[in-house]
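In what follows, every chain begins at residue 1, and chains take the letters A, B, ... in the order their sequences are listed.
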Amino acid sequence: MSVKTPGGAMDSPKNHSAGVVSLDWEEAPRFRRTMSSKRWAALKESAIRAFFQASGILTILVLLGIFATLLATAVPAFREIPVSEFLTKTAWDPTSPEKAEYGILSMIVSTLMVTIGALLLAVPIGVGVAAYLSDVAHWRVREIVKPVIEILAGIPSVVVGFLGIVLFAPTLAKFFHTGNGLNALNGSLLLAIMALPTIISISEDSLNSVPAAYSEASLALGATRWQTLARVKVPAGLSGIIAACMLGMGRAIGETMTVLMATGNARAFPHGLLSSVRTMTADIAIELGEVPYFTTHYYALFAIGLVLFIMTFSVNLVADVILRKYQEREP
Amino acid sequence: MKERTRKSLVQFLGFFMLRAFLFLVLAVLVLFLYDIGSKGGPAISWEFLSQAPRRGMTEGGILPAIVGTFLVTVVTALLAVPLGMCAAIYLNEYARQSRLTRLIRLSIRNLSGVPSIVYGLFGVILFVNVMRFGTSILSAGLTLGLMTLPWTITASEEALKAVPNAYREGALALGATKWQSIRTNVLPYAVPGMLTGTVLGLARAAGETAPILFTGAAFYLPFLPHSLKSQFMALPYHLYIMATQHHAILQVRPLAYGTALVLIALVLGMNLTAVIVRYRMRRKHK
């Protein structure tokens, strides 16, 4: 059984020891057998490695697959709807018997409005809580509070939406004297609550990784703890905090069930935080169940999905770049 | 002296504000849990947990939804857990700093940011249409599995990172191959941590609604699913229906609260188990 190998590292130990082995006639066959089992072991090792590598590469394929699928299914929509019209018109009425309208600007604005409203609330509170946990709180408090905030992150979005209907909507309706309380503000409040755990935990990590020497220098110069926190630590950890907020924003843009249940879903262009709005995610959720497959309307819904994907992807990518840069700076 | 009192006043007010923020967040959580608990509690009975909905879902229980969510989560786990572990083993044990590794990590981070409804769209095309699984437990579970994948990978990698390098080196020094060292000296210590981390991901998947809207969840099925190819009722989708789509929303509100309580208990129960186990293990490691 002669084993041929296409040169390389495998051959050299065999050739090298061949002279030694030839002294002992008894040893020769056994030697050959161990060689081939070594070869077999090496083969097995590289097969195992390839197997694990394949499952790693699969993640790239899934991401590409999602993008390619959305693109391929969205493109037929643009045979009938000009891209400029799709992105800039405010009227969305795909089932109109006279003239179907496919403009998603109202939805884009609704999504952004609800998201920005959520961030206005979640960023100061989230960063504040992170600062408190990293700088002020006793470690015992921190040990208890951190898992509790994880619980908040664990509440399913459909339950948060339900609470928007039964808890927040009546309160908002009474307070602002408007209809049923299902509006952009309600959605913003709920999304803020949902974005908080992300913002808190990543901001806190970033504050914790500010070198202790910074605070010590500041305190040694006579600054109070508050001044040190507000003017030294937070600015030093700012890139991580910004990244945390971007990740929270990506969450809020892509959230479906909460806004679907709490914002009222009117198709009109939004006038303010108290108007009923329909976001991009909510529109897909409402209409995909009823639309016949492979019609322009169906393709148009995938086109909304594509726009959504591109928006969240860009936001996350920017957050990622900021986080990487800031980690590289760390020793 | 005056300057100093001003400074300490500012500090007092500042810290007071931060503490108020923390209390606000905790108060919201307590409010949420109290509302669901106090109004959902009375709806829970043995009948509610063990029967199918009756009379246009105005009476009866949620058994099909519980079973449906359980089955879907099993399919999700079968896809996401082994795949997540394998990818994590590659990233932590085999991969070197290369362009491919960076690309894989970038994909994982971005996958975790893809909106859940977009996973739903992907599932409609890939599993329902291309693979012809139809709207079924299988399609919904696989869709959720893809969504859970980035979380299980990250969690598994954390667990692998916690295993000291000396364990690996010890095996390698004795002549073990790479895989032998991983199998005998790394995995036994990492698998418990990997599993608790993945349970957290599965809990999130079990509570998701958007990805299963179009891949298999059914409005109302009075019987239990009999195969992986059948449609199913799911707890989160059932709550959505009971809260917004039912013809007598106010009449069924107690049932909606009951469903919400069961869903939250399920998800938080899974979470809590994982967190407690992880906490115990951390202490043991120290």
### Query
So which part of Leu146(B) gets closer than 4.5 Å to some heavy atom of chain A, the side chain, the backbone, both or neither?
side chain
### Segment of Ala210(B) engaging chain A (4.5 angstrom heavy-atom cut-off)
both
### Message
Report which part of Val127(A) has an atom under 4.5 Å of a heavy atom belonging to chain B: side chain, backbone, both, or neither.
### Response
neither
### Message
Under 4.5 Å from any heavy atom of chain B, what part of Leu64(A) do you find: side chain, backbone, both or neither?
### Response
neither
#### Entry: Stacked cation flag Arg204(B) on Trp151(B), 6.0 angstrom / 45 deg
yes
### Task
Could you tell me which portion of Glu143(A) (side chain, backbone, both or neither) has an atom closer than 4.5 angstrom to a non-hydrogen atom of chain B?
side chain
### Query
Given a strict heavy-atom distance threshold of 4.5 Å, which part of Arg105(B) is in contact with chain A: side chain, backbone, both, or neither?
neither
### Message
Non-hydrogen contacts under 4.5 angstrom with chain B: give the residues of residues 54-63 of chain A involved, or none if there are none.
### Response
Ser55(A), Gly56(A), Ile57(A), Leu58(A), Thr59(A), Ile60(A), Val62(A), Leu63(A)
### Summary
Looking only at Leu288(A), Leu229(A), Asn316(A), the option with the highest number of non-hydrogen pairs under 4.5 Å against chain B is Leu288(A)
### Query
What part of Leu196(A) is in contact with chain B, defined as an atom under 4.5 angstrom from a non-hydrogen atom: side chain, backbone, both or neither?
side chain
### Message
Please check: side-chain N/O of Glu255(A) versus main-chain N/O of Met257(A), any donor-acceptor pairing under 3.5 Å?
### Response
yes
#### Entry: Sidechain N-carboxylate O distance under 4.0 Å for Lys233(A), Asp135(A)
yes
### Query
Looking at Gly65(A), Ser157(A), Ala41(A), which has the largest count of heavy-atom pairs under 4.5 Å with chain B?
Gly65(A)
### Query
Which answer fits Val128(B), side chain, backbone, both or neither, if we ask what part of it has an atom under 4.5 Å from a heavy atom of chain A?
side chain
### Any side-chain donor near an acceptor of the partner, Tyr293(A) and Asn129(B), under 3.5 Å
no
### Query
Do Ser98(B) and Thr101(B) meet the criterion of a side-chain donor-acceptor pair at a distance under 3.5 Å?
yes
### Query
Where the side chain of Thr244(B) meets the backbone of Ile241(B), is there a donor-acceptor pair that is under 3.5 Å apart?
no
### Query
At a heavy-atom separation under 4.5 Å, does Ile151(A) approach chain B through its side chain, its backbone, both, or neither?
both
#### Entry: Segment of Tyr257(B) engaging chain A (4.5 angstrom heavy-atom cut-off)
both
#### Entry: chain B contact via Leu317(A) - which portion, at a heavy-atom distance below 4.5 Å
both
### Message
Is Ala88(B) in contact with chain A via its backbone, its side chain, both, or neither, using a 4.5 Å heavy-atom distance?
### Response
neither
#### Entry: Contacting region of Met270(B) [heavy-atom separation from chain A under 4.5 Å]
neither
### Task
Can you tell which part of Leu103(B) gets under 4.5 Å to a heavy atom of chain A, answering side chain, backbone, both or neither?
both
### Task
Mark yes or no for whether Glu287(A), through its side chain, and Ile284(A), through its backbone, hold a donor-acceptor pair below 3.5 Å.
no
#### Entry: Contact leader toward chain A among Leu239(B), Leu22(B), Val267(B), Leu213(B), where contacts are heavy-atom pairs under 4.5 Å
Leu239(B)
### Query
Would you say the side-chain atoms of Arg142(A) pair up with the backbone N or O of Leu133(A), donor to acceptor, closer than 3.5 Å?
yes
#### Entry: Contact origin within Ile182(B) toward chain A - heavy atom pairs under 4.5 Å
neither
### Task
Using atom types as modelled and distance alone, determine if a side-chain donor or acceptor of Ser181(B) lies under 3.5 Å from a backbone N or O of Ala176(B).
no
### Task
Counting only heavy atoms closer than 4.5 Å, note whether Thr312(A) contacts chain B via side chain, backbone, both or neither.
side chain
### Message
What part of Thr281(A) gets within 4.5 angstrom of chain B, counting heavy atoms only: side chain, backbone, both, or neither?
### Response
both
### Query
Got a donor-acceptor contact below 3.5 angstrom from the Thr111(A) side chain to the Met280(A) backbone?
yes
### Phe23(B) atom CZ: more than 12 heavy-atom contacts under 6.0 Å
no
### Phe21(B)/Tyr132(A) aromatic ring centres below 6.0 Å
no
### Task
Report the option among Met261(A), Gln227(A), Arg225(A) that has the most heavy-atom pairs separated by less than 4.5 Å from atoms of chain B.
Arg225(A)
### Reported CG-to-CE distance for the pair Leu189(A) and Met194(A), which is rounded to 0.5 angstrom
13.5 Å
### Task
Under the side-chain hydrogen bond (donor to acceptor under 3.5 Å, both in side chains) rule, collect the residues that match up with Glu204(A), sequence neighbours excluded.
Lys146(A), Asn208(A)
### Message
Please classify the contact between Leu163(A) and chain B as side chain, backbone, both or neither, with a heavy-atom cut-off of under 4.5 Å.
### Response
side chain
### Message
Please evaluate residues Glu93(B) and Arg49(A) with respect to the criterion salt bridge (Lys or Arg N to Asp or Glu O under 4.0 Å), reporting the C-alpha separation (whole Å), side-chain torsions for both, the decisive distance (0.1 Å), and the verdict.
### Response
CA-CA 10 Å; Glu93(B) 306 295 327; Arg49(A) 183 182 197 279; over 6 Å; no
### Task
Counting only heavy atoms closer than 4.5 Å, note whether Tyr298(A) contacts chain B via side chain, backbone, both or neither.
side chain
### Query
Can you say whether Val136(A) sits under 4.5 Å from chain B via the side chain, the backbone, both, or neither, judging by heavy atoms?
side chain
### Query
Has Phe51(A) got more than 12 heavy atoms of other residues, nucleotides or ligands less than 6.0 Å from its CZ?
no
### Task
Can you label the angle between the Trp226(A) ring and the Phe15(B) ring as parallel, tilted or perpendicular, going by 30° and 60°?
perpendicular
### Query
Between Ile165(A), Leu167(A), Ile193(A), which shows the greatest number of heavy-atom pairs under 4.5 Å with chain B?
Leu167(A)
### Query
What about the rings of Tyr94(B) and Trp179(B), do their centers lie closer together than 6.0 Å?
no
### Query
Side chain, backbone, both or neither: which part of Val130(B) has a heavy atom under 4.5 Å from chain A?
neither
